[in-house]
Amino acid sequence: MISRRIKLTDGVIVLKPVDRRDVPSQFKSIIASKKELHPWMPWCHAKYSIKETRGWVKMQLKNWKEGSEYSFNILEAKTKKHLGGCGLNKIDYVNKGANLGYWVRSDSTGRGVASRATRLLAKFGLHQLKLQRVEICMAVQNTGSRRVAEKAGAVYEGVLRNKIAQNGRAVDAFMFSLIPGDLKK
């Protein structure tokens, strides 16, 4: 089992496992970014509440213990300001792969936060979880998320038809991946 005391850092950001104590700052970041998150994150809706954040964190603590998902808060290394979240989910230990997702609060985008978090999280998955492949999938309209994957060094693999459910309808998605050799670049 991976210790929840783990902290991943590159000196600029820190990835810290989600924790009940971080619910207020996490909720504040979500609310501050609701307009930008809503189109891409189905969980972020107009009436999103702190109760939903608490419930999600509770579920993530259980998932971490089971090894089925690893969710992190993204913090600024110097100030500890909450910048967003990221995680590995849909972990397939048989085929040694997982999905990697991320979001960054609106006032912190454009600074490389998400691409830094992506590389740190991919290293965690590929080295500590011994995965062979980490996938990053986003709606084809989500140009910001695509730029993050490209900047993180992920390899573009193509368009997957009807891959993502978005606002009640199926949309095509770009597929990117990172494998162990990609992180050496």
Side-chain angles (χ1 to χ4, degrees), residues 1-10 13-19 22 26 30 37 40-44 53 55-75 82-104 112-140 142 144-166 170-185:
M1 185 167 115
I2 304 291
S3 169
R4 289 194 36 77
R5 293 184 184 157
I6 190 170
K7 287 186 182 167
L8 311 173
T9 187
D10 65 359
I13 63 165
V14 174
L15 303 187
K16 179 179 166 273
V18 297
D19 187 274
D22 300 322
Q26 183 176 345
I30 292 167
L37 289 174
W40 316 117
M41 305 293 187
W43 51 264
C44 188
T53 304
W56 182 83
V57 168
K58 182 178 179 181
M59 182 178 62
Q60 293 311 308
L61 296 173
K62 177 181 172 279
N63 292 342
W64 187 289
K65 188 175 182 178
E66 294 171 351
S68 61
E69 288 187 38
Y70 294 94
S71 295
F72 294 83
N73 283 313
I74 306 169
L75 308 174
H82 187 275
L83 302 176
C86 62
L88 293 172
N89 58 32
K90 299 180 185 170
I91 299 173
D92 177 351
Y93 287 106
V94 173
N95 295 300
K96 299 184 183 241
N99 178 69
L100 187 151
Y102 43 79
W103 67 271
V104 174
V113 171
S115 57
R116 287 174 175 280
T118 296
R119 288 193 62 81
L120 286 170
L121 191 55
K123 286 177 186 176
F124 167 77
L126 296 170
H127 298 303
Q128 294 187 309
L129 299 180
K130 307 290 187 218
L131 301 176
Q132 291 301 306
R133 176 182 172 84
V134 172
E135 296 179 342
I136 307 168
C137 190
M138 76 286 298
V140 294
N142 191 342
S145 191
R146 181 179 181 157
R147 281 193 305 271
V148 168
E150 291 168 342
K151 191 174 177 185
V155 174
Y156 173 72
E157 295 185 343
V159 175
L160 304 180
R161 299 178 309 145
N162 285 354
K163 175 66 175 165
I164 297 175
Q166 189 176 2
V171 299
D172 295 348
F174 290 128
M175 175 61 74
F176 286 81
S177 69
L178 288 161
I179 62 174
D182 296 334
L183 296 178
K184 294 176 183 171
K185 298 174 185 174

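Counting begins at 1 with the first residue of the sequence.
- Rounded to the nearest 0.5 Å, atoms CZ (Phe72) and CG (Leu120) are 9.5 Å apart.
- Ser115 and Tyr102 form no side-chain donor-acceptor contact under 3.5 Å, judged by distance and modelled atom types alone.
- Two residues are said to be in side-chain contact when any heavy atoms from C-beta on lie closer than 4.5 Å; Trp43 and Leu37 meet this criterion.
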Inset, instruction - Begin from the C-alpha positions of Leu15 and Cys86 and carry the test side chain to side chain contact (heavy atoms under 4.5 Å, CB included) through to its verdict. - result: CA-CA 8 Å; Leu15 303 187; Cys86 62; 3.8 Å; yes

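- Ion pair Lys16/Asp22 flagged as a salt bridge, since at least one NZ, NE, NH1 or NH2 atom sits closer than 4.0 Å to an Asp/Glu carboxylate oxygen.
- One N or O on the side chain of His82 and one on the backbone of Gly84 form a donor-acceptor pair closer than 3.5 Å.
- Between the side chain of Arg133 and the backbone N or O of Gly97 there is no donor-acceptor pair closer than 3.5 Å.
- Although no hydrogens or angles enter the test, the distance criterion places no donor-acceptor pair under 3.5 Å between the side chain of Asn162 and the main chain of Asp172.
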Inset, instruction - Would you please test Leu88 and Leu121 for side chain to side chain contact (heavy atoms under 4.5 Å, CB included) and show each step? - result: CA-CA 8 Å; Leu88 293 172; Leu121 191 55; 3.9 Å; yes

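- The backbone N or O of Met138 lies less than 3.5 Å from no partner atom in the side chain of Arg146, so there is not a single donor-acceptor pair.
- The main-chain N or O of Glu66 is never found under 3.5 Å from a side-chain atom of Asn63 such that the two would form a donor-acceptor pair.
- Considering NZ of Lys123 and CG of Asp182, their distance stands at 12.0 Å, rounded to 0.5 Å.
- Side-chain atoms of Arg4 come within 3.5 Å of backbone atoms of Val18 as a donor-acceptor pair (strictly under, hydrogens ignored).
- Summarising the geometry, atom CG belonging to Leu8 is positioned 9.0 Å from atom CD1 belonging to Ile13; distances are rounded to the nearest 0.5 Å.
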